[in-house]
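Working notes for the structure below.
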Amino acid sequence: MNHIYQPQKIEKKWQARWDESQLYRSRVDWSKPKHYALTMLPYPSGDLHIGHWFAMTPSDARARWMRMKGYNVLFPMGFDAFGLPAEQAAISRNIHPWKWTFANIERMREQLRSMGAMFDWEREAISCTPEYYKWSEWFFKRFYEQGVAYRGSALVNWSESLQTVLANEQVIDGKDERTGQPVAQKMMEQWFFRITKYADELLDFAPLDWPESIKIMQTNWIGRSEGARATFRTEIGGHPIEIYTTRPDTLWGATFMALAPEHDLVNRITTDERRAAVEAYVEAAAQATEVERMVEDREKTGVFTGAYAINPVNDERIPIWVADYVMITYGTGAIMAVPAHDQRDFEFARAHDLEVRVVIQPEDMDEPLTEAAMSAAYDGPGAMVNSDAMDGSQSTSAKGRKNPAISRVIDWLEATGKGQESVNYRLRDWLISRQRYWGSPIPMLRADGEIVPVPDDELPVELPEDVDFVPTGRSPLTYHEPFFKVDERVRRETDTLDTFMCSSWYQLRYLSPDCDSAPFDADEAAYWLPVDVYTGGAEHAVMHLLYTRFFTKVLRDIGVFDDAAEAMRGQGRDPAGVFDEPMTVLRNQGQVLGGERQGDFVLCSGTMAGGRLLAERVEVADWNQVPAGFEGVFGEIAHRTENILRVDMAGLTQLVEILPDAEIVIPDIPGENSVNQLRHHLEIQRMSKSKGNVVNPDELVAKYGADVVRCYLMFNFDWQKGGPWNENNIKGPQGWLDDIWEIATAGPPRAPGDPEAERDIERKLHQTIAVINRGLEDFSFNTAIAEQMKFKNALRAALREGKIGASAWRETLDATLRLLAPFAPHLAEEIWARLGWDYSVHQQPWPEYDADKAREETVDLVVMINGRPRATIAVAVDIARERAQELALASEAAQRYLAGKPAKRAIFIPGRNGSDPKVNVVV
RNA sequence: GAGGAAGUGGCGGAAUUGGCAGACGCGCAUGACUUAGGAUCAUGUCUCUUUGAGGUGAGGGUUCGAAUCCCUCCUUCCUCACCA
């Protein structure tokens with residue numbers, strides 16, 4: 001028997017044993033309740049990051065717990081393997097994406113295995129294999145047939161640096177979300193998915209237990225707004241200009257119109273004398289990047305087209321301007337401008353000397369509101385004025401039909417045929433084609449200019465391997481003739497699918513990764529779907545998490561789940577609602593941030609000048625090495641820019657300028673040192689290679705063992721929040737597992753055992769079970785482990801006192817190891833085996849919580865005076881209200897406060913869920 | 001500008017959701033064992049003017065009772081952003 005816990009000696013062994021014995025194979029078993037636990041699949045970048053461990057190992061612990069509770073658990077793993085980094089590696093390092101990707105997968109599989117997770121590797125799916133992307137292509141075809149996929153022309157995001165278009169969701173602040181390179185707007189013909197058709201259904205989160213923040217983000221992203229459309233006509237030519245507004249009640253206040261620079265009509269309506277100015281403006285707007293156009297507080301610019309429009313509600317003639325604050329991608333790309341009641345229009349009107357006409361008289365104002373009195377638009381409630389027959393209608397702060405004025409105007413617009421009620425969305429259709437090589441081919445052809453799908457029996461269209469990666473920026477498929485030239489008349493689509501399409505259905509492929517007659521096996525789907533718990537990062541809120549919901553709804557509507565629904569009925573299960581959403585419960589983990597770094601402690605000597613020390617000598621030392629009577633500045637370097645240090649001198653910040661020829665002494669680094677070698681305090685921030693604060697999980701596993709790393713990650717953070725890395729804290733979980741090892745390997749105690757102490761341990765055990773159950777249920781892994789540590793402390797103390805006999809020790813250990821198994825699977829298994837118990841601990845049932853065993857016999861009655869605890873009295877658990885009040889009032893503490901006077905009230909708060917009862921005495 | 005989340009010891013974080021604030025752990029302190037201690041064990045560790053009193057970013061409010069609910073600020077992080 002080893003008496004020291006050496007995880008490195010046992011972990012590999014058990015991982016191999018679990019594999020061999022197929023411990024984690026999950027098979028359909030209709031006699032057992034199922035649980036599909038899913039954690040977001042990694043991109044095979046080549047190295048598993050500590051963030052992967054943080055996301056996956058707690059998810060694994062929870063899946064293991066569900067399994068021990070009697071569920072048939074599916075917990076699969078795979079790789080989201082298409083994407084740009086592979087292609088970039090191909091260009092810069094001359095390695096084929098296929099080779100690069102699979103080498104990385106090999107490596108990451110090993111790293112994933114080292115976690116000791118219960119992944120069922122037989123179900124692994126890799127999105128870049130033909131077996132997988134055959135079905136991505138197949139889905140694309142079905143979408144095309146159903147009109148969900150279409151080819152269309154639109155203003156799209158073009159990344160010059162990546163030489164491809166990007167979806168709206170992949171553009172942040174006008175920059176590519178991955179590389180931060182600027183993205184330009186460009187009119188292009190591309191493939192789209194009609195996600196907008198599902199906007200309303202995607203807004204319905206009723207069936208989902210998802211974080212509120214994700215639901216809000218998706219809701220905002222979809223951006224549903226209610227209002228009306230109305231058609232204005234140009235004075236000359238009568239060209240219709242359709243506008244969308246959420247404020248039809250202000251239609252009478254429109255004093256001009258504004259078109260987006262990209263609007264079709266700009267060219268046609270501009271008068272000859274305004275043409276030069278308008279063309280110059282449109283040109284300039286096209287040159288400006290999205291970023292420039294979005295700069296906050298930018299002066300509202302625009303030019304007059306020379307043309308006028310007729311307002312349909314009052315036949316008034318108003319000028320038509322072109323302004324880049326109107327976005328072609330939102331609404332109709334044209335607005336009616338109501339400066340009195342819209343801040344942007346107001347600013348524009350003031351900048352270009354246009355009329356501001358009040359049509360809503362503010363509620364709380366007696367005098368009529370006038371243009372001259374306004375310094376900002378008024379968008380509050382009030383009565384409609386200057387609006388003909390609508391005058392007097394009450395406009396509230398409510399939106400859409402809930403606002404009486406809006407509702408009345410919409411009715412009138414519809415009755416008179418001047419406009420109609422309209423709902424608008426911010427959401428755009430999903431642009432899914434990419435001008436890149438390393439993605440799933442789009443199974444389409446162009447025959448004599450006409451678009452036709454590749455026949456099903458020719459799927460998958462395989463990516464050719466013999467392509468040349470030359471840094472032309474263009475996809476190698478575009479100059480690979482055998483690929484794109486099918487014959488003289490027929491050309492193949494060379495764009496590939498957005499990788500988000502591949503990851504929109506991977507949870508289905510896990511069900512049957514080898515199935516070659518369908519994307520997934522209907523019987524498997526009938527049993528396992530939907531995913532019961534999905535874990536991963538919140539950064540996918542409006543991308544993957546929205547796409548996969550959309551994808552699932554389309555599959556349902558086009559009948560892809562019909563066979564699975566039939567199979568469910570065959571088992572007597574109701575398929576209603578089962579295929580509406582991909583994942584029922586979603587929880588996001590936070591992010592592990594880089595650790596805080598302390599700055600060097602320095603002693604700086606020199607001369608003071610202008611409030612700063614001009615240092616001739618800077619020495620890195622220890623705070624206790626400050627010589628008595630030291631004259632200079634000493635403290636931690638809080639910040640450094642070039643040769644200026646900000647030194648934190650016990651809370652006081654001192655500026656130190658290091659003179660060019662100053663002597664710098666760093667004892668740890670021999671030889672001559674430079675200013676740049678001085679370390680300054682580093683703020684907590686994201687881990688990144690450039691900051692040099694990344695944590696390598698492989699090294700941690702080698703040093704502490706996988707179980708310790710797992711437990712550290714679960715114990716030292718609020719999982720849903722994340723936080724800064726601090727390796728010092730790893731000693732906590734390490735010590736806990738050491739102690740468990742010691743208690744277990746010491747062998748049964750020779751003590752006879754004290755029934756009372758043994759009963760107390762049993763009671764604490766059951767209290768612990770309750771807390772662990774709640775912790776795992778709520779993804780509060782830290783409290784679940786804290787409670788186990790507490791229990792271990794109590795058990796160890798009782799053992800040291802010689803109060804636990806052999807059989808109680810054995811029974812307690814049996815339960816302890818089961819409770820430990822989800823968290824530290826290797827250690828629990830090793831001790832279980834050493835005690836000679838049957839393989840495997842992971843196949844044991846979870847200890848059942850017994851409320852009777854957990855119950856205390858006596859509790860502390862807390863005596864509170866005016867809500868403040870002042871004393872406790874030991875009483876029976878089931879103490880009655882009256883008795884508790886009596887005891888409290890009679891207590892020394894209460895008497896002291898009452899000073900002979902009667903108490904005003906004495907409120908009894910019964911002890912619930914293990915908390916002590918209280919009496920609050922009001923004096 | 002809009003929306004969201006959060007602010008608790010020296011640190012990571014608890015608090016059964018309105019009922020003993022600071023569980024558990026790190027760190028630190030004192031002691032024991034030791035040639036040694038960055039091992040192990042024991043004890044202690046919110047603050048103060050300590051028979052008591054105060055304390056959860058600041059200020060107000062509701063309540064018998066507030067870290068938790070409401071109002072007004074301040075700070076940090078995230079998301080969206082000229083959205084008509």
Side-chain angles (χ1 to χ4, degrees), chain A residues 172-174 211-221 223 225 227 243-247 250 258 293-298 300 323-327 329-338 341-345 347-348 424-426 538-539 541-542 590-591 593 596 712 715-718 720-721 723-736 738 742 770-771 774 778 780 782-793 800 860-872 896 903-923:
Chain A
I172 313 273
D173 285 342
E212 217 48 45
S213 59
I214 299 285
K215 294 193 276 188
I216 289 166
M217 275 193 254
Q218 293 203 349
T219 303
N220 292 343
W221 185 260
S225 75
I243 59 104
Y244 170 76
T245 177
T246 53
R247 293 294 305 274
T250 64
R293 274 178 71 166
M294 287 193 315
V295 173
E296 210 176 329
D297 294 333
R298 183 162 157 262
K300 296 273 179 296
D324 69 2
Y325 79 91
V326 181
M327 302 288 139
T329 48
Y330 186 78
T332 61
I335 61 162
M336 63 146 178
V338 184
H341 307 293
D342 180 287
Q343 185 58 25
R344 290 152 305 170
D345 298 346
E347 286 165 24
F348 191 89
N424 196 57
Y425 301 91
R426 207 190 80 106
E539 65 273 16
V542 294
Q591 207 169 24
L593 301 169
E596 198 172 354
Y712 165 71
F715 177 67
N716 267 288
F717 301 85
D718 170 351
Q720 302 191 58
K721 220 166 84 191
W725 178 262
N726 184 353
E727 202 171 316
N728 287 334
N729 283 337
I730 211 164
K731 286 183 185 162
Q734 189 180 29
W736 169 48
D738 277 343
E742 193 191 300
V771 175
R774 198 175 60 226
D778 297 344
S780 172
N782 51 355
T783 54
I785 289 182
E787 203 64 16
Q788 291 189 75
M789 289 177 170
K790 210 160 120 184
F791 177 67
K792 176 269 294 176
N793 290 342
R800 287 212 173 130
D860 285 336
L861 175 70
V862 180
V863 180
M864 299 172 115
I865 310 296
N866 291 334
R868 287 212 148 260
R870 297 300 179 199
T872 57
R896 199 169 59 233
K904 285 183 190 149
R905 295 169 74 180
I907 296 151
F908 177 68
I909 304 116
R912 301 189 303 264
N913 302 325
S915 80
D916 292 330
K918 298 163 195 75
V919 173
N920 189 17
V921 179
V922 184
V923 295

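Residue numbers start from 1 in every chain, and the chains themselves are labelled A, B, ... in the order their sequence lines are given, proteins ahead of strands. Note that this is a predicted model, so its numbers are computed, not measured. For the numbers below, each heavy atom of this structure counts, side chains included, while hydrogens, waters and symmetry mates do not.
With sequence neighbours excluded, the residues that form a salt bridge (Lys or Arg N to Asp or Glu O under 4.0 Å) with A/E727 are A/K703. Under the salt bridge (Lys or Arg N to Asp or Glu O under 4.0 Å) criterion, A/K721 pairs with no residue at all, not counting sequence neighbours. With sequence neighbours excluded, the residues satisfying side chain to side chain contact (heavy atoms under 4.5 Å, CB included) with A/S915 are A/K918. Legend: residues meeting side chain to side chain contact (heavy atoms under 4.5 Å, CB included) with A/T783, ordered by chain and number and at least two apart, are A/S780. When the side chain to side chain contact (heavy atoms under 4.5 Å, CB included) test is applied to A/T219, the partners found at least two apart in sequence or on another chain are A/L203, A/F205. Partners of A/Y712 by ring pair (Phe, Tyr, Trp, His ring centres under 6.0 Å), not counting sequence neighbours, listed by chain and number: A/F717, A/W725. By the salt bridge (Lys or Arg N to Asp or Glu O under 4.0 Å) test, A/D342 is found to be paired with A/R344, residues two or more places apart in sequence or in another chain being considered. The salt bridge (Lys or Arg N to Asp or Glu O under 4.0 Å) check on A/R774 picks up nothing, with sequence neighbours excluded.
The side chain of A/F715 lies closest to B/G25, out of B/A21, B/G13, B/G25. Of the candidate nucleotides B/G4, B/G13, B/A84, B/G13 has the atom lying nearest to any side-chain atom of A/P724. The side chain of A/N782 sits closest to B/A14 out of B/A84, B/A14, B/A23. Listed nucleotides B/G13, B/C24, B/C82 differ in distance to A/Y325; the shortest reach to its side chain belongs to B/C82. Closest to the A/K300 side chain, of the nucleotides B/A84, B/C82, B/A23, is B/C82.
Distances shorter than 4.0 Å separate none of the side-chain N or O atoms of A/R896 from OP1 or OP2 on B/U51. For the OP1/OP2 pair of B/C83 and a distance below 4.0 Å, the side-chain nitrogens and oxygens of A/R344 include at least one atom meeting the criterion. Taking 4.0 angstrom as the limit, A/N729 places none of its side-chain polar atoms (N or O) nearer than this to OP1 or OP2 of B/C24. The phosphate of B/A84 has OP1 or OP2 within less than 4.0 Å of a side-chain N or O from A/Y330. Residue A/R868 places at least one side-chain N or O closer than 4.0 Å to OP1 or OP2 of B/G55. The shortest distance between the side-chain N/O atoms of A/R870 and the OP1/OP2 oxygens of B/G54 is below 4.0 Å. Checking the phosphate oxygens (OP1, OP2) of B/C83, no side-chain nitrogen or oxygen of A/R426 falls inside 4.0 Å.
With rounding to the nearest 0.5 Å, the separation of NZ in A/K731 from CG in A/D738 is 12.5 Å.
The minimum heavy-atom distance linking A/D345 with A/A337 is given by the pair OD2-CA, 3.2 Å. The two residues A/I243 and A/A334 make their nearest non-hydrogen contact at CG2-O, 3.6 Å. The nearest pair of heavy atoms linking A/A903 to A/V921 is CB-CG1, 3.8 Å.
The 5' end of RNA chain B is approached more closely, in terms of each residue's nearest nucleotide, by A/F717 than by the other of A/E787 and A/F717. Comparing A/R247 and A/D738 against RNA chain B, the residue whose closest nucleotide sits nearer the 5' end is A/D738.
RNA chain B contains the following stems of three or more consecutive Watson-Crick or G-U pairs, with both distances under 3.5 Å: B:1-7 with B:74-80, B:10-12 with B:24-26, B:27-32 with B:40-45, B:46-48 with B:52-54, B:57-61 with B:69-73.
Proximity of A/L861 to A/V919: side-chain heavy atoms (C-beta onward) are separated by under 4.5 Å at one or more points. Side-chain contact check for A/M336 versus A/T245: some heavy-atom pair is nearer than 4.5 Å. Between A/N866 and A/V922 the shortest side-chain heavy-atom distance falls below 4.5 Å.
For B/U62, the base adopts the anti conformation, since its glycosidic angle falls more than 90 degrees from zero. An anti base is found at B/G65: its glycosidic angle is more than 90° from 0.
As rounded to whole Å, 19 Å separates atom P of B/A2 from atom CE of A/M217. With rounding to whole Å, A/E539 atom CD is found 19 Å from B/A5 atom P. Residue A/D345 contributes atom CG, which lies 12 Å from atom C1' of B/C83 at whole-angstrom precision. B/C78 atom P lies 15 Å from atom NZ of A/K721, rounded to whole Å. At whole-Å resolution of the value, CH2 in A/W736 and P in B/C24 are 15 Å apart. B/A84 atom P lies 14 Å from atom OH of A/Y425, rounded to whole Å.
Distance noted for atom C1' between B/A36 and B/G27: 22 Å (whole Å). Rounded to whole Å, the separation between the C1' atoms of B/A21 and B/G65 comes to 14 Å. Separation of the P atoms belonging to B/U76 and B/C26 is 33 Å when rounded to the nearest angstrom. Annotation: B/U63 and B/U50 have their P atoms spaced 35 Å apart (nearest Å). Comparing B/A29 with B/G38, their P atoms are spaced 10 Å from each other, to the whole Å. Nucleotides B/U8 and B/A66 are separated by 14 Å at their C1' atoms, to the nearest Å. Nucleotides B/U56 and B/A23 place their C1' atoms 15 Å apart, quoted to the nearest Å. For the P atom pair drawn from B/C33 and B/A42, the interatomic distance equals 15 Å after rounding to whole Å.
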Could you please spell out the steps behind the side-chain contact (heavy atoms from CB on, under 4.5 Å) verdict for A/F715 and A/N729? CA-CA 9 Å; A/F715 177 67; A/N729 283 337; over 6 Å; no

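Residue-level contact check: A/N793 touches the backbone only, with heavy atoms under 4.0 Å from sugar-phosphate atoms and none from bases. A/W221 comes within 4.0 angstrom of the backbone, heavy atoms only, and of no base.
The base of B/C64 has none of its N or O atoms less than 3.5 Å from a complementary donor or acceptor on the side chain of A/K904.
The backbone N or O of A/S225 sits nowhere less than 3.5 Å from a side-chain atom of A/N424 that would complete a donor-acceptor pair.
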With 3.5 Å as the limit, what N/O pairs link the protein to nucleotides 41-48 of chain B?
residue: B/C41; atom: OP1; partner: A/R796; partner atom: NH1; Å: 3.1
residue: B/C41; atom: O3'; partner: A/R800; partner atom: NH1; Å: 3.2
residue: B/A42; atom: OP1; partner: A/R800; partner atom: NH1; Å: 3.1

For nucleotides 27-32 of chain B, tabulate all protein N/O to nucleotide N/O atom pairs closer than 3.5 Å, reporting atom names and distance.
residue: B/G27; atom: OP1; partner: A/K731; partner atom: NZ; Å: 3.0

So which protein nitrogen or oxygen atoms get under 3.5 Å of nucleotides 16-19 of chain B's nitrogens or oxygens?
residue: B/U16; atom: O2; partner: A/N913; partner atom: O; Å: 3.0
residue: B/G19; atom: O2'; partner: A/K918; partner atom: NZ; Å: 2.7
residue: B/G19; atom: N2; partner: A/N920; partner atom: ND2; Å: 3.4

